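In what follows, a structure is listed as structure tokens, so that the remarks can point back to it.
Reminder, nothing fancy here: chain letters follow the sequence lines and each chain counts from 1. Note that the structure is a prediction, hence the values are computed from the model and not measured.
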2 protein chains.
Amino acid sequence: MTSRQIESALSRAQLICKIRGARLTPLRRRVLELILSSDQPTGAYSLLAELRRGRGKLGPPTVYRALEFLLANKLIHKVETSSAFIACGDIEHPHETQFMICDDCGATEEIRDDEIVQILRRLGEGRGFAVERQVIEARGLCPACRSAQR
Amino acid sequence: MTSRQIESALSRAQLICKIRGARLTPLRRRVLELILSSDQPTGAYSLLAELRRGRGKLGPPTVYRALEFLLANKLIHKVETSSAFIACGDIEHPHETQFMICDDCGATEEIRDDEIVQILRRLGEGRGFAVERQVIEARGLCPACRSAQR
DNA sequence: AATTGACTGTTATAGCATAACGAACCAAGA
DNA sequence: TCTTGGTTCGTTATGCTATAACAGTCAATT
């Protein structure tokens, strides 16, 4: 992502928060910026290390609280199988998301397929479950690592 | 699960391992037994505590290695969003699996839908990904906790 | 100025997982 | 039988992920 694109994403996030009455504080904005700046999912402690470069000694709760806010406002997603965080690709339209993750290089692609979301929801309903959140992640090899292996 | 059912499952696991040339040692068998005995997913450290009751002081690697073996032989599944382990419902037929998990009581139901598996695989293929493993978990409220809330 | 509520800082701790090394065990061939 | 090599297990130490609990800060409102 270019720094121009990052600025744009931050501005849009700021606007969305304003509309919702949520406060994208400097700390939260900074964490979002760090996540946007990385094209790979980022771990909480890696973010913490970056934060410390600018703000001195901070504890894990500082970054985890910021992440909690960003997740609640659907500005980022958590990749469960990597315990890492990635910027949401379309913050204007909150959505369930799916990930393809390369076991080799860690490349993580956000995909968005409504059919699979509907099917999983129906599977839940059929059993009386009220599905609140879906975690759908496929692990394997990305195209680049596939060719490299041959 | 009744103790008769547990015995049956253990025998079948033993047979499957024998056929495969895999060794279901006393330790691994004991860990599987503990997992079978619980109808909820069980955490590694909880298993460790149980093991210690019979065998004295043991370290985490002991139980994690046993879990690794049981996972590799598809005798158990890992519930990623709970960091916990649950017995496989059909060890004779290895399969991708999905889970419905209650955020309230932790009840976890293994479901098995081929359609969703195929769709996710195709989503991967369409992007050049070779999908090796699928994690599909729906979190929400189980029927019992739904009624209790009203 | 005082109060309230949200946000952040700080310390401590809990929970999950693996690295590294050595001992015990076991199977297979010399 | 003896050795050899591989697998399994015990043990210690450590690393990574996440949260509890409490104190300080700040802004907006009363």
Item to check | Given DNA chain D, 5'-ward residue of the pair B:Arg65 and A:Ser82, judged by closest heavy atom | outcome: B:Arg65
Checklist entry - How many Å lie between CG on A:Leu58 and C1' on C:dT8, as a whole number? => result 9 Å
Checklist entry - Of the candidate nucleotides D:dT8, C:dA6, D:dT11, which contains the atom at the shortest distance from the side chain of B:Arg28? => result D:dT8
Checklist entry - Any side-chain N or O of A:Thr25 less than 4.0 Å from the OP1 or OP2 oxygen of C:dT8? => result yes
Checklist outcome for this item: With the side chain defined as heavy atoms from C-beta on, B:Pro61 is closest, among C:dC7, D:dT11, D:dC22, to D:dT11
Checklist entry - Of the nucleotides D:dT11, C:dA17, D:dT19, which has the atom closest to the A:Pro60 side chain? => result D:dT19
Checklist entry - Between atom NZ in A:Lys78 and atom C1' in D:dT19, what is the gap in whole Å? => result 12 Å
Next on the checklist: Can you measure A:Leu67 atom CG to C:dC7 atom C1' for me and round it to whole angstrom units?
Outcome noted: 15 Å
Item to check | Distance test, side-chain N/O of A:Tyr64 to OP1/OP2 of D:dA18, below 4.0 Å | outcome: yes
Next on the checklist: For the residue pair A:Arg29 / A:Gln14, report whether a side-chain donor-acceptor contact shorter than 3.5 Å exists.
Outcome noted: yes
Item to check | For atom CG of A:Leu48 and atom P of D:dT19, their distance in whole Å | outcome: 14 Å
Next on the checklist: Students often get this wrong, so: under 4.0 angstrom with heavy atoms, is A:Thr62 touching a base, only sugar-phosphate, or nothing?
Outcome noted: base
Item to check | Side-chain donor-acceptor pair present, B:Glu110, B:His95, cut-off under 3.5 Å | outcome: yes
Item to check | Nearest-angstrom distance from the residue atom CD of A:Glu80 to C1' of C:dC16 | outcome: 14 Å
Item to check | Spacing of A:Leu27 atom CG relative to C:dT8 atom P, expressed in whole Å | outcome: 5 Å
Next on the checklist: Using a heavy-atom cut-off of 4.0 Å across all strands, would you classify B:Arg23 as base, sugar-phosphate, or nothing?
Outcome noted: sugar-phosphate
Checklist entry - Of B:Leu120, B:Thr97, B:Ile116, which meets side-chain contact (heavy atoms from CB on, under 4.5 Å) against B:Gln134? => result B:Leu120
Item to check | Length of the CZ-P vector between B:Arg30 and D:dC9, whole Å | outcome: 15 Å
Item to check | B:Ser8-B:Arg4 side chain donor-acceptor pair, cut-off 3.5 Å | outcome: no
Next on the checklist: Using whole Å, what does the distance between atom C1' of nucleotide D:dC9 and atom CG of B:Leu70 come to?
Outcome noted: 15 Å
Next on the checklist: Quick one about B:Thr81 and A:Glu80 (side-chain donor to acceptor, distance below 3.5 Å, no hydrogens or angles considered), yes or no?
Outcome noted: no
Checklist entry - Between A:Lys57 and C:dT8, does any side-chain N or O lie under 4.0 Å from OP1 or OP2? => result no
Checklist entry - Is there a donor on the side chain of B:Arg55 or the base of D:dG10 sitting less than 3.5 Å from an acceptor on the other? => result no
